[in-house]
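Since the structure is predicted, the reported quantities are computational estimates derived from the model, not experimental observations. Worth knowing before you read on, the calculation uses all heavy atoms, side chains too, and leaves out hydrogens, waters and symmetry mates.
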Amino acid sequence: MDGEQLMSGELDNSFNALMVSGEGESGQAHHEGTGTTLLGWKDLPMELLLRILSMAGDDRMVIVGSGVCTGWRDTLEWGVTNLSLSWCQAHMNDLVMSLAQKFTKLQVLSLRQIKPQLEDSAVEAVANNCHDLRELDLSRSFRLSDRSLYALAHGCPHLTRLNISGCSNFSDAALAYLSSQCKNLKCLNLCGCVRAVSDRALQAIACNCGQLQSLNLGWCDSVTDKGVTSLASGCPELRALDLYESVVALANGCPHLRSLGLYYCQNITDRAMYSLAANSRRVRSKGRSWDAAARKNAGAGADGLASLNISQCTALTPPAVQAVCDSFPALHTCPERHSLIISGCLSLTSVHCACAHHPHRHGRAILSNHAY
């Protein structure tokens with residue numbers, strides 16, 4: 001702590017010295033307390049320069065700053081680890097190809113687009129230069145092909161978070177290969193990757209990415225129980241899963257699951273709900289309750305499944321959903337702690353959480369109007 005305070009004090013002194021640099025005829029600033037002499041903005045210490053640009057709150061300042069002089073360029077190229085270009089409305093592809101060669105120490109990069117701009121050449125430039133990358137957002141990159149996934153597999157093996165939602169051109173073979181090289185993935189968003197998400201791809205992910213904690217398979221309608229069964233056996237750390245189709249296997253294989261999204265899964269039946277409820281009782285009987293597993297990672301008070309979205313799952317019946325609600329105390333239908341989402345399921349209005357038995361503590365256990 002003392003070292004950090006000393007460094008902070010030195011940076012503050014340097015900044016104060018720079019602020020009075022315009023008072024002398026020579027344009028030179030001197031701080032008597034530290035003996036610091038600054039001739040101008042080009043002499044800023046690296047730590048101070050990074051602090052100033054980070055306070056600007058706009059990554060465009062980083063790009064502009066890298067062109068001030070060779071000193072600033074070298075400092076930013078080595079010091080910047082987090083960059084977002086999502087503000088770029090035009091020519092993002094050219095910008096990424098240019099910056100990838102400069103900011104080689106990037107660990108977090110966001111290239112989310114409003115309209116598709118990125119092409120494979122830009123992703124290949126990132127993969128060829130930014131080998132320390134940990135988090136990458138390529139969502140809505142409709143122009144990308146398998147070339148991008150193969151490039152990332154070879155150049156960015158340390159990825160832990162990858163968002164390729166909406167990238168509908170990727171194949172399941174390319175996704176499977178990526179998983180074989182990027183085995184540290186913990187968060188993977190594949191929403192809308194309709195060609196890439198297949199049982200084959202999920203089997204590869206389950207085999208290679210045992211640390212996976214969050215997976216979004218929204219709108220991927222080719223997934224079957226076979227693919228998800230492999231996830232249940234290969235990804236025991238899974239905590240959040242968004243699905244489009246029915247699944248029962250998750251109940252048996254993912255004791256840490258805290259959030260489950262099954263919205264618009266109209267093929268989901270009561271069997272899935274009863275499986276979730278039965279597994280909760282089963283792991284408790286083995287002394288390995290959802291409560292204990294979750295507390296280890298989420299702190300005291302966690303007790304298994306805490307969020308369930310079954311909106312538009314019109315095949316479900318009240319007894320089955322009530323069984324799930326009774327098995328997981330963290331699921332709530334009351335307005336104060338609403339976590340069981342049943343929009344569009346008018347037949348489930350009778351389902352209620354445990355708060356109904358303790359109105360003096362949690363208020364009346366009624367379903368909030370905005371749930372429908």
Query - Between Gln203 and Asp199: side-chain donor-acceptor atoms closer than 3.5 Å - result: no
Query raised in the report: In terms of side-chain heavy atoms, does Arg112 have a donor or acceptor partner in Ser139 at a distance below 3.5 Å?
Result: yes
Query raised in the report: Given Ile164 and Leu144, is the side chain to side chain contact (heavy atoms under 4.5 Å, CB included) satisfied, shown in steps?
Result: CA-CA 10 Å; Ile164 52 174; Leu144 298 184; over 6 Å; no
For the student: nearest non-hydrogen atoms of [X] and [Y], plus distance:
X      : Y      : result
Leu138 : Cys167 : O-SG, 3.5 Å
Phe170 : Ser145 : CE2-O, 3.0 Å
Asn93  : Glu119 : OD1-N, 2.7 Å
Ala196 : Leu175 : O-CD2, 3.6 Å
Ala176 : Asn208 : O-ND2, 4.3 Å
Pro318 : Val351 : O-CG2, 3.9 Å

Heavy-atom donor-acceptor pair, [X] side chain to [Y] backbone, under 3.5 Å:
X      : Y      : answer
Ser339 : Ala330 : yes
Ser222 : Arg195 : no
Gln113 : Leu111 : yes
Gln117 : His91  : yes
Ser275 : Arg271 : yes
Gln181 : Tyr177 : no

Query raised in the report: Heavy-atom count around Arg147 CZ within 6.0 Å, excluding the residue itself: above 12?
Result: yes
Report task. Give the C-alpha distance, both sets of side-chain angles, the deciding distance and a yes or no for side chain to side chain contact (heavy atoms under 4.5 Å, CB included) between Lys115 and Arg140. Result -> CA-CA 8 Å; Lys115 60 180 181 179; Arg140 299 179 61 83; over 6 Å; no
Query raised in the report: Atom CD1 of Ile205 and atom CG of Leu217: how far apart are they, to the nearest 0.5 Å?
Result: 7.5 Å
Query - Residues Thr229, Lys226; criterion side chain to side chain contact (heavy atoms under 4.5 Å, CB included); working and verdict - result: CA-CA 5 Å; Thr229 298; Lys226 179 181 179 180; 5.7 Å; no
Requested in this report: Take Leu99 and Leu85 through the test side chain to side chain contact (heavy atoms under 4.5 Å, CB included) and record every step on the way to the result.
Outcome: CA-CA 10 Å; Leu99 295 179; Leu85 301 181; 4.1 Å; yes
